[in-house]
Amino acid sequence: MYFTLLITVLLTAAVLVIGAYVVAKLIGPRSYNKVKGEPYESGIPTRGSSWLPVSIGFYLVAILFLMFDIETVFLYPWAVVVKQFGSTALVSIGFFLLVLVFGLAYAWRKGALEWK
């Protein structure tokens, strides 16, 4: 029963995606302009090469943000059930936060949070 439902959902999704693509190709505008094919940012024409090195600091900040953002997501279910599990849940939350604080201290000490 569930296999039939899965196949039905997948086929429906495939038909809808292919149908939307075909309709867009049929009724969409077909004008091509050389300027449309050029990469740009904010409407300003590019100068020089677009292959510039990107600072690793951007990636470090993004990874640290994701790490602490996911921490918040994991804290919510614990907060919901902390009354049911009592001190066990509280100790596990404390350990989880301790590991994250040590991770933050390590990143801070290594200079990952300094913008150079």
If you round to the nearest 0.5 Å, how far is OG1 of T8 from CZ of F3?
10.0 Å

Side-chain heavy atoms nearer than 4.5 Å, only ILVMFWY residues, links allowed to pass through others: does that put V80 and W78 together?
no

Answer with yes or no whether the hydrophobic clustering places M67 together with W108; edges join I, L, V, M, F, W, Y residues whose side-chain heavy atoms lie under 4.5 Å apart.
yes

Supply the atom-to-atom distance M1 CE to L6 CG, rounded to the nearest 0.5 angstrom.
12.5 Å

Going hydrophobic residue to hydrophobic residue with side-chain gaps under 4.5 angstrom, can you get from L64 over to L97?
yes

Close side-chain approach of L104 and L100, heavy atoms under 4.5 Å
no

Reference residue T12; test side-chain contact (heavy atoms from CB on, under 4.5 Å); the match among L10, V9, L16, V15
L16

Spatial distance of atom OG (S87) from atom CD1 (I93) [nearest 0.5 Å]:
11.5 Å

Nearest heavy-atom approach of V82 to L90 is CG2-N, 4.3 Å

From CG (L66) to CD1 (I70), nearest 0.5 Å
5.5 Å

Under a 4.5 Å side-chain heavy-atom rule over Ile, Leu, Val, Met, Phe, Trp and Tyr, are F68 and I63 clustered together?
no

